[in-house]
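Contents: one structure, followed by commentary.
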Amino acid sequence: MFSYTIKRLLIAIPTIFIIIAAAFFLMRAAPGSPFDSERAMSPEIRAMIMAHYGFDKPLSVQFLEYLKGLFTLDLGPSLIYKDQSVTKIIASGFPKSIVLGLSSLSLALFIGVPLGLVAALNQNKAQDYSIMAIAMAGICIPTFVTGPILSLVFGVYLGWFPTAGLDLGRMTIETMTLPVITLALPQIAIISRLVRASAIEVLGSNFVRTARAKGLPEIWVLSRHAMRAALLPLVSYLGPACASLITGSVVIETVFQLPGIGRNFVTSALQRDYPVVMAVVILYAALIIILNLIADILYGVLDPKVTYE
Amino acid sequence: MSLISTPNENAKLMEKSAIAGRSLWDDALVRLLRNKAAVVSMYVLGFLVLLAIFGPLVWPHKYDTVDYDLVMAPPTFKNWHIFGGDQQGRDLFVRLLYGLRISLAVGIVATMVSLTIGVAWGSIAGFIGGKVDAIMMRIVDILYALPFIFFVIILMVVFGRNIILIFVAIGAVEWLTMARIVRGQTLSLRKKEYIEAAHAAGLGTLDIIKRHIIPNLLGPVIVYVTLTIPAVILAESFLSFLGLGVNEPMTSLGNLISIGAKEMEIAPWLLIFPAVTMMITLFCLNFIGDGLRDAIDPKDR
């Protein structure tokens, strides 16, 4: 177990390094630069600006300096917002994205798990079919459709929630409800399908039959024996779930104009604000790697059948 | 439906028997045709595909003709503007057909890209095994951890919006799972007697992969392909929604949805028609994929 963790961590380091390198060189390969503006710039001034940001040095030197900066959490200045450092931009957006992601994940688990269990216990009955139909809808309807429709219905027509205006950075229950629900919907669908499939398998397995045969009340069979085994596959889904929540948050933050880093990423990418884009990609990649690692280790701890060599 | 097939069906199956065991495919077909959701989905999807291919040819309006009287006009039967006009005064119905065309094309081409890479990678890794397998699958593991959609976004920003790039980039993102499935399947196939027989007969590794491994992989691969197409369509719409998809005046479903989302308070039909079209398409593809999975690999039922 311990050596497995170490091994995984050792793989994570080159992975993150590859991500940093890929992001860095891709962005530098871009034709056009953030300083392309409407006004023509004299070559001298352009050279001075390039020198100011260190763009005149050889690429390898720039890369090494960037790595050095990363270790000290100095991610350089933003090229578009002159008074902001990248670290500052990330520090202001990241907590909001985290709150959005964690609330959506909790909501998805809170609703998705019971739905899946109910469907499995009523396999091939009306409840099962209706839950699976809803789940299919949740998978098929992308968040950038549900987001606008929810805000049209509940925000514009019914006026229950503000539709936008989170730019001030205030996060209240009213402003966060719709984004959290929208982001959680596809995850609710996936989680309920996952739980249903694994619960059906577990309910048909020998140890559940044994538990029933020895006369345990059904509720005990379910809570003591079936539940634990049925929810195991969910643990290994948590890593990918977080990854898709992160991707989803990019859309959600754009639709609802939340000032998180997902939206920062899109606007910066469109403006070629390289340092911000790279920082967000690196942060997300590191996050996904770490979460996957945690999910895998957790899985090993919970499932006695799994041994890591 | 009876399990005994007619002579006519038998003849068709005989043709297929060169690819895989006859009775398995026979059973799978029967199971698939018994799945109502999948059958209905196939009809609906077929209709949508025909509409996307031939609709624009016969429709009286062009996708890029601007008519100022039509700016955000509500749907009307007058003059065949049945879905109304968009924000620039173009007929929404024909734009929707073009959008569907692009989305389906992206779905199919990008899936083919991922299929080719994934099957080649997975079957080689699984068949050769040992060190090669370990290294190849470690690479897949590493790539798995990358937030690929962000790299696609960077690619679109760096190299400009380009439909070929969308195809390749999304395809290159989606091949990893395919490679894993194929490799797992290959590992178990490798031990089979007929592979041993082929070895004994002196067939080379590449020939064995081509003749024996890949045909036997078809089942799980077909299932995964049908489930990849909707995922790819979603990925493309995601890019289009962020403003990184195909170029104007061309359009895709995601692009139409993103415009619709901006105008929904004044002209909700601009959002509703593309969104519903996309949902129907994705529903059908997912139902067919699920149906195929249950038909080919019925152990979960």
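Here is the naming used below: chain letters follow the sequence lines, and residue numbers restart at 1 for every chain. Quick caveat: nothing in here was measured; it's all calculated off a predicted structure.
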Legend entry - Part of B:S258 within contact of chain A (heavy atom distance under 4.5 Å):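 When you check distances to chain A, no heavy atom of B:S258 falls under 4.5 Å.
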
Legend entry - Top of A:V250, A:V277, A:I246 for chain B proximity - count of heavy-atom pairs under 4.5 angstrom: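 The answer is A:V250.
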
Legend entry - Set of salt bridge (Lys or Arg N to Asp or Glu O under 4.0 Å) partners for B:D133, sequence neighbours left out: B:R183

Legend entry - Flag side-chain contact, heavy atom, 4.5 Å: B:F238 against A:P142: no

Inset, instruction - Evaluate the side-chain proximity of B:D290 to A:M136: yes if any heavy-atom separation is below 4.5 Å, no if none is. - result: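 In contact.
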
Inset, instruction - Write down the atom of B:L234, the atom of A:I139, and the distance for their closest heavy-atom approach. - result: CD1-O, 4.2 Å

Inset, instruction - Determine the minimum heavy-atom distance between A:C140 and B:L282, stating which atoms define it. - result: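 For A:C140 versus B:L282, the nearest heavy atoms are O-CD1, 2.9 Å.
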
Legend entry - A:A286 portion near chain B, given a 4.5 angstrom heavy-atom threshold: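 Nothing of A:A286, per the 4.5 Å heavy-atom cut-off to chain B.
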
